[in-house]
Undergrad: 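Handing you this structure, nothing more for now.
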Amino acid sequence: MSSAAITQRAISASTASELRAHLRGELLEPDAASYDEVRQLWNADIQRYPAVIARCVDVADVIACVKWARSHDVRASVRCAGHNISGAASCEGGLVIDLGPMRGTRVDLVAQRIRAQGGCTWGEVDHAAQAFGLATTGGVNSITGIGGLTLGGGIGWLMRKHGLACDNLVAADVVTAEGELIRTDAEENPDLLWALRGGGGNFGIVTEFEYQLHRVGPLLAGLLMYSGERATDMLRFYRELAADEPEELTSFVIILNAPKAPELPRELHGARTVALCPAWSGDLGEGERVMDRLRQFGKPVVDTVDRISYVDLQKGSDEAWQPGFGRYWKSDYLRELPDEAIEVIVNHCDRFKAPTAGAGHADALSIQPTCFFEIGHMEGAISRVGDDESAVGHRSAPYLHGTFTVWREPGDREEQIRWATELWEALLQYSDGGAYVNYLGEEGEDRIRGSYGEEKYARLVDVKTKYDPTNFFTGQQNIKPRSA
């Protein structure tokens with residue numbers, strides 16, 4: 001018997017009909033034609049079979065879902081785009097409250113703010129805001145949902161100048177665990193706003209986000225790619241750059257097996273490379289001088305740095321983040337990047353074994369950067385946000401690293417996870433003590449605590465106890481109330 005058939009028994013037809021009667025949106029059960037397509041998460045390594053999926057079209061649908069789940073003691077999870085690595089957007093045998101159809105946006109030009117419903121992706125927010133020359137920090141691609149990224153912090157191309165996505169969250173509409181709609185901003189329920197800025201989906205369902213926007217015109221961005229033999233030198237160069245990097249510049253260094261991308265020479269396809277990925281959001285004349293400084297590292301094999309709109313920059317890496325692949329991530333903030341750490345990184349990347357393409361999947365897998373170590377320089381506007389302003393931890397850490405693996409064939413899974421885990425373990429001695437919450441998988445309470453720090457974690461428990469004392473919301477990196 002299939003998993004879908006097993007979960008169908010958990011909720012009776014009459015019980016499901018009761019919820020359907022209170023929805024404007026569609027309610028999908030396992031026998032629905034679109035069920036398998038809709039239930040799929042971005043990380044194909046995680047396969048879950050909810051008993052029902054509610055495709056909410058408005059706040060009333062969300063409220064109905066919460067009240068129904070509580071009255072029938074049904075576990076619920078909340079989905080925006082399902083992009084989270086841990087699979088928090090779904091649950092086995094329960095209810096998925098899918099905000100995907102809720103994608104409205106509204107720009108306030110006077111206040112320079114945007115309101116976006118909880119099902120929006122960053123591409124939709126970028127499209128709406130950039131029509132008026134405005135933008136806010138929103139990830140590094142356009143297909144990520146705004147909900148999970150914002151609630152977990154939200155790194156992005158504008159972060160060193162304008163802060164994280166959550167730093168630009170000024171208000172939100174939230175459906176509570178009791179099925180009530182409340183508002184949170186600096187004056188109304190400010191403790192909840194503090195928690196939403198980095199504390200994850202532990203406190204309610206955000207049906208509308210309100211962000212501060214900033215003037216953002218054309219940027220200078222792209223990649224400077226070099227042979228993998230230069231990885232050690234590049235990481236040392238990056239360390240020097242970080243010492244006085246202008247806040248208008250956000251940058252990452254990536255060690256990767258180059259994908260089969262049309263802009264890359266054929267001889268690089270599948271080869272070990274190292275790339276410096278800068279994005280300049282300030283004066284373009286000054287930016288050109290900064291890019292010239294970056295090119296002093298040496299003549300790159302590939303140089304795509306050019307003027308680009310923020311919308312196009314966000315879309316630039318979408319191809320490498322498509323759904324349908326198994327994925328595993330490990331991450332930590334780093335307090336330093338000494339030569340010894342650089343040696344560990346480069347040597348480990350040299351030992352990477354690429355996954356097999358599998359029959360019929362060679363072209364699909366080839367667009368993915370299958371070995372993907374990334375380090376980004378934080379600080380700037382990120383480090384100036386006070387502890388009383390958000391729940392995000394490790395604000396003063398200079399670096400964030402992530403190790404990302406991807407595979408198509410199940411037989412490659414164990415090797416890819418082992419490789420990522422061993423590199424993460426080898427770098428623990430340089431860790432600042434925790435991870436970026438959005439990069440956490442299912443790693444246990446100690447890792448969650450470490451990512452916030454004990455003081456902020458305790459404060460999050462207080463907020464959780466106030467707004468969700470029965471731990472109804474158990475999804476993304478669950479913080480338990482005192483009563484649980």
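All values below come from the heavy atoms of this structure, side chains included, with hydrogens, waters and symmetry mates left out. Quick caveat, the model's predicted, so the values are computed rather than measured.
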Undergrad: Which atoms form the tightest heavy-atom contact between Ser331 and Tyr439, and what is the distance?
TA: OG-CD1, 3.3 Å
Undergrad: Just checking, any donor-acceptor pair under 3.5 angstrom between side chains of Asn141 and Thr144?
TA: yes
Undergrad: Over all heavy atoms of both residues, which pair between Cys120 and Gly104 is shortest? Give the atoms and the distance, please.
TA: SG-O, 3.6 Å
Undergrad: Please check if the side chain of Gln212 supplies one atom and the backbone of Ala111 the other of a donor-acceptor pair under 3.5 Å.
TA: yes
Undergrad: Between atom CG of Leu249 and atom NE2 of His377, what is the distance when rounded to the nearest 0.5 Å?
TA: 9.5 Å
Undergrad: Is a side-chain N or O of Thr150 found less than 3.5 angstrom from the main chain of Gly147, in a donor-acceptor match?
TA: no
Undergrad: Enter the distance from Thr136:OG1 to His162:NE2 here, rounded to the nearest 0.5 Å.
TA: 8.0 Å
Undergrad: Hey, are Asp388 and Arg459 close enough for a salt bridge, meaning a charged N less than 4.0 Å from a carboxylate O?
TA: yes
Undergrad: Mind checking whether Trp157 and Phe252 have ring centres under 6.0 Å apart?
TA: yes
Undergrad: Roughly how far, to the nearest 0.5 Å, is the SG atom of Cys65 from the CD1 atom of Ile53?
TA: 11.5 Å
Undergrad: Side-chain contact test, heavy atoms from C-beta onward, threshold under 4.5 Å: evaluate it for Gln112 versus Arg215 and give yes or no.
TA: yes
Undergrad: Are any of the side-chain nitrogens in Arg70 or Glu178 under 4.0 Å away from the carboxylate oxygens of its partner?
TA: yes
Undergrad: Answer with yes or no after comparing the ring centroid distance for Trp329 and Trp42 against a 6.0 Å cut-off, counting only values under it.
TA: yes
Undergrad: Would you check, one step at a time, whether the test salt bridge (Lys or Arg N to Asp or Glu O under 4.0 Å) holds for Asp312 with Arg307?
TA: CA-CA 10 Å; Asp312 287 340; Arg307 297 190 180 193; over 6 Å; no
Undergrad: Looking only at side-chain N and O atoms, does Gln47 offer a donor or acceptor that is under 3.5 Å from a partner on Arg39?
TA: yes
Undergrad: Enumerate the salt bridge (Lys or Arg N to Asp or Glu O under 4.0 Å) contacts for residues 461-476, please, sequence neighbours excluded, ordered by first and then second residue.
TA: Asp191-Lys466, Asp462-Arg482, Lys464-Asp468
Undergrad: Salt bridge (Lys or Arg N to Asp or Glu O under 4.0 Å), that's the test. Do Lys330 and Glu443 meet it? Break it down for me.
TA: CA-CA 10 Å; Lys330 293 295 287 188; Glu443 301 181 35; 3.1 Å; yes
Undergrad: Is Glu455 atom CD crowded by more than 12 heavy atoms from other residues, nucleotides or ligands, each under 6.0 Å away?
TA: no
Undergrad: Using salt bridge (Lys or Arg N to Asp or Glu O under 4.0 Å), reason through Arg183 and Glu188 one step at a time and then give a plain yes or no.
TA: CA-CA 7 Å; Arg183 176 79 167 170; Glu188 190 174 2; 5.6 Å; no
Undergrad: Which residues pass the side-chain contact (heavy atoms from CB on, under 4.5 Å) test with Thr304, not counting sequence neighbours?
TA: Leu223, Val302
Undergrad: Taking the side chain from Thr405 and the backbone from Ile417, do they hold a donor-acceptor pair closer than 3.5 Å?
TA: no
Undergrad: Looking at residues at least two apart in the chain, or sitting in another chain, which of them share a side-chain contact (heavy atoms from CB on, under 4.5 Å) with Asp58?
TA: Arg24, Ala60, Asp61
Undergrad: Is there a donor-acceptor pair closer than 3.5 Å between any side-chain N or O of Ser451 and the backbone N or O of Ala435?
TA: yes
Undergrad: Are Leu337 and Ile375 close enough that some pair of their side-chain heavy atoms sits under 4.5 Å apart?
TA: yes
Undergrad: Is the number of heavy atoms from other residues, nucleotides or ligands within 6.0 Å of NE2 (His214) greater than 12?
TA: yes
Undergrad: Are the side chains of Val406 and Phe372 in touch, meaning some heavy atoms are under 4.5 Å apart?
TA: no
Undergrad: Keeping the roles fixed (side chain from His394, backbone from Gly450), state whether a donor-acceptor pair exists under 3.5 Å.
TA: yes
Undergrad: Would a 4.5 Å heavy-atom cut-off, applied to side chains only, mark Arg413 and Trp407 as touching?
TA: yes
Undergrad: Between Tyr436 and Tyr333, what is the ring plane arrangement, given parallel below 30°, perpendicular above 60°, and tilted in between?
TA: perpendicular
Undergrad: Hey, does Val38 have a side-chain heavy atom less than 4.5 Å from the side chain of Asp98?
TA: yes
Undergrad: Is there a donor-acceptor contact under 3.5 Å from the side chain of Asp318 to the main chain of Ser142?
TA: yes
Undergrad: When you look at CD of Glu37, are more than 12 heavy atoms from neighbouring residues, nucleotides or ligands closer to it than 6.0 Å?
TA: no
Undergrad: Compute whether any side-chain donor of one residue and acceptor of the other, for Glu245 and Ser251, lie under 3.5 angstrom apart.
TA: yes
Undergrad: Checking Leu294 against Val305 for the side chain to side chain contact (heavy atoms under 4.5 Å, CB included) test, could you report, in this order, the C-alpha distance in whole Å, the side-chain angles of both residues, the deciding distance, and whether it holds?
TA: CA-CA 11 Å; Leu294 300 184; Val305 174; over 6 Å; no
Undergrad: For salt bridge (Lys or Arg N to Asp or Glu O under 4.0 Å), just list the numbers for Arg48 and Glu92, CA-CA rounded to whole Å, side-chain angles, deciding distance to a tenth of an Å, and then say yes or no.
TA: CA-CA 5 Å; Arg48 291 179 181 150; Glu92 190 74 23; 5.7 Å; no
Undergrad: Would you find more than 12 non-hydrogen atoms of other residues, nucleotides or ligands less than 6.0 Å from Arg418 atom CZ?
TA: yes
Undergrad: Measure the shortest side-chain to side-chain distance between Pro246 and Trp280 over non-hydrogen atoms and say whether it is less than 4.5 angstrom.
TA: yes
Undergrad: With a 6.0 Å cut-off on ring centres, are His348 and Trp419 close enough?
TA: yes
Undergrad: Could you check Arg395 against Ser390 for side-chain hydrogen bond (donor to acceptor under 3.5 Å, both in side chains), going step by step and ending with a plain yes or no?
TA: CA-CA 10 Å; Arg395 288 278 186 176; Ser390 86; 2.6 Å; yes
Undergrad: Compute the ring centroids of Trp122 and Tyr211, then answer whether they are less than 6.0 Å apart.
TA: yes
Undergrad: Could you state the interatomic distance from CZ (Arg160) to CD (Glu248), rounded to the nearest 0.5 Å?
TA: 9.0 Å
Undergrad: Step by step, work out the side chain to side chain contact (heavy atoms under 4.5 Å, CB included) result for Leu213 and Phe132.
TA: CA-CA 10 Å; Leu213 297 173; Phe132 307 100; over 6 Å; no
Undergrad: With a 6.0 Å cut-off on ring centres, are Tyr467 and Trp194 close enough?
TA: no
Undergrad: Just do the side-chain hydrogen bond (donor to acceptor under 3.5 Å, both in side chains) check on Asn471 and Thr474 with the steps written out, would you?
TA: CA-CA 6 Å; Asn471 203 24; Thr474 61; 5.8 Å; no
Undergrad: Are Val62 and Met102 close enough that some pair of their side-chain heavy atoms sits under 4.5 Å apart?
TA: yes
Undergrad: With a 4.5 Å cut-off on side-chain heavy atoms, are Thr421 and Tyr328 touching?
TA: yes
Undergrad: What verdict does the side chain to side chain contact (heavy atoms under 4.5 Å, CB included) test give for Tyr452 and Ile479, after you've listed the backbone C-alpha separation in whole Å, the side-chain angles of each residue and the deciding distance to 0.1 Å?
TA: CA-CA 11 Å; Tyr452 291 111; Ile479 295 169; 4.0 Å; yes
Undergrad: Which distance, rounded to the nearest 0.5 Å, do you find between the CD of Glu180 and the CD1 of Ile63?
TA: 9.0 Å
Undergrad: Between Ile97 and Ile205, does a side chain to side chain contact (heavy atoms under 4.5 Å, CB included) hold up when you go through it step by step?
TA: CA-CA 9 Å; Ile97 303 173; Ile205 302 173; 3.8 Å; yes
Undergrad: How long is the gap from CG on Asn168 to CE on Met159, to the nearest 0.5 Å?
TA: 13.0 Å
Undergrad: Keeping Asp306 on the side-chain end and Gly222 on the backbone end, is there a donor-acceptor pair under 3.5 Å?
TA: no
